[in-house]
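Before any comments, here is the structure.
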Amino acid sequence: MAASEAAVVSSSSLKTDTSPVLETAGTVAAMAATPPARAAATVVAAAARTGSEARVSKAALATKLLSLSGVFAVHKPKGPTSAELLNRLKEKLLAEAGMPCPEWTKRKKQTLKIGHGGTLDSAARGVLVVGIGSGTKMLTSMLSGSKRYTAIGELGKATDTLDSTGKVTEEKPYDKITQEDIEGILQKFTGNIMQVPPLYSALKKDGQRLSTLMKRGEVVEAKPARPVTVYSISLQKFQPPFFTLDVECGGGFYIRSLVSDIGKELSSCANVLELTRTKQGPFTLEEHALPEDKWTVDDIAQSLEHCSSLFPAELALKKSKPESNEQVLSCEYITLNEPKGEDDVIKTC
């Protein structure tokens with residue numbers, strides 16, 4: 001319609017200049033029907049309206065972002081660490097809301113608080129639970145539930161990290177191992193058991209992660225075995241040298257250590273080839289974990305509303321104290337009256 005109007009107005013403008021100024025959608029037509037001065041004014045007015053609307057929209061998004069509070073889940077892919085993924089999520093939200101921006105720098109004490117609970121290895125994928133606003137205080141309590149994993153182990157190779165990202169430290173034959181052999185030993189790893197955590201882990205020594213010390217080449221002693229709980233474990237597939245496990249366990253349990261211990265129990269060795277967390281507390285990968293294309297203010301608001309039914313109402317009011325062990329709970333506090341920089345403080349709760 002705008003194109004046809006432009007043609008009519010253009011031909012009639014040779015006789016008189018009485019044609020009306022069209023709306024923003026017909027700015028091109030209006031320019032054809034008016035002298036240069038009026039055309040320029042039309043463009044400026046349209047741009048001003050558009051810019052004003054954009055600022056209002058960004059301000060509304062910023063207000064909505066700062067009002068978000070609760071716990072939701074995202075889908076972590078292989079590659080980034082949990083902390084890196086949290087930074088990526090934060091950057092996308094701040095960029096969408098146009099923050100920090102001049103309108104917000106005048107408002108002191110405006111902060112975005114976001115964190116994750118239950119660290120996933122960089123080589124692992126799956127459910128990562130995120131708290132935003134006061135929801136960061138709920139993470140420790142919410143993640144006390146069980147976790148579920150699908151793990152693909154590889155027999156015959158041991159690595160220093162206990163997974164495929166590490167250096168091969170040992171190789172042993174596995175050709176005599178049968179499906180029945182694996183199924184026969186799984187009961188030994190079910191229930192309340194003792195487990196030695198891997199050296200490459202988020203556990204700390206003198207305030208530093210063991211994995212960091214190991215990468216520096218420092219000598220690190222293994223942590224003593226500690227009690228952990230495995231609720232269920234089953235063999236899903238066996239195609240030598242690979243075997244697939246479905247494991248439901250409690251907090252502080254390491255699938256890498258489990259697979260390594262299974263290899264030793266079979267008089268061979270093993271490492272984790274693929275690891276996917278399919279459940280964390282009440283959150284499942286299929287139903288609750290947002291993929292990256294859904295990391296928007298509106299999608300997260302909807303997810304928070306959907307996920308609010310997953311836990312008791314009183315939990316939202318409880319300010320849970322952080323545990324004093326090595327459970328990782330990463331929280332970021334972004335002050336909006338300061339420019340975003342690489343040295344934003346990441347506070348570990």
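Computation of the quantities below employed the complete heavy-atom set of this structure, encompassing side-chain atoms and omitting hydrogens, waters and symmetry-equivalent molecules.
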What closest approach, in Å, do [X] and [Y] show between heavy atoms, and which atom pair accounts for it?
| X | Y | answer |
| --- | --- | --- |
| Val127 | Ala73 | CG1-CB, 4.0 Å |
| Thr161 | Arg256 | O-NH1, 2.8 Å |
| Pro80 | Leu85 | CG-CD1, 4.1 Å |
| Lys172 | Ser267 | CD-O, 4.2 Å |
| Ile300 | Leu290 | CG1-CD1, 4.0 Å |
| Ala158 | Cys269 | N-SG, 3.6 Å |

Main-chain N/O of [Y] paired to [X] side chain as donor or acceptor, under 3.5 Å:
| X | Y | value |
| --- | --- | --- |
| Asp163 | Thr165 | yes |
| Thr190 | Val230 | no |
| Asp160 | Gly166 | no |
| Ser257 | Phe253 | no |
| Asp181 | Thr178 | yes |
| Glu96 | Val297 | yes |
| Thr63 | Ala59 | yes |
| Arg88 | Glu292 | no |
| Gln195 | Asp261 | no |

**Asked** Side chains of Thr278 and Thr150: donor-acceptor distance under 3.5 Å anywhere?
**Response** no
**Request:** Say whether Thr296 and Asp298, considering side chains only, have a donor N or O and an acceptor N or O under 3.5 Å apart.
**Result:** no
Is the shortest side-chain heavy-atom distance between [X] and [Y] below 4.5 Å?
| X | Y | value |
| --- | --- | --- |
| Thr229 | Asn192 | yes |
| Trp295 | Leu89 | yes |
| Val228 | Ile193 | yes |
| Arg125 | His75 | yes |
| Tyr254 | Val196 | no |
| Leu162 | Val272 | no |
| Leu128 | Arg277 | yes |

Hphob cluster co-occupancy, [X] + [Y], side-chain heavy atoms under 4.5 angstrom:
| X | Y | value |
| --- | --- | --- |
| Leu86 | Leu66 | yes |
| Phe72 | Leu120 | no |
| Tyr231 | Leu186 | no |

Atom [atom1] in [X], atom [atom2] in [Y]: separation rounded to 0.5 Å?
| X | Y | atom1 | atom2 | result |
| --- | --- | --- | --- | --- |
| Leu273 | Glu154 | CG | CD | 5.5 Å |
| Phe243 | Gln179 | CZ | CD | 12.5 Å |
| Leu235 | Leu245 | CG | CG | 6.0 Å |
| Thr244 | Lys237 | OG1 | NZ | 6.5 Å |
| Lys279 | Leu285 | NZ | CG | 12.5 Å |
| Phe242 | Ile152 | CZ | CD1 | 8.5 Å |

**Complete:** Residues passing the ring pair (Phe, Tyr, Trp, His ring centres under 6.0 Å) test with His288, sequence neighbours excluded, are Phe283, His306
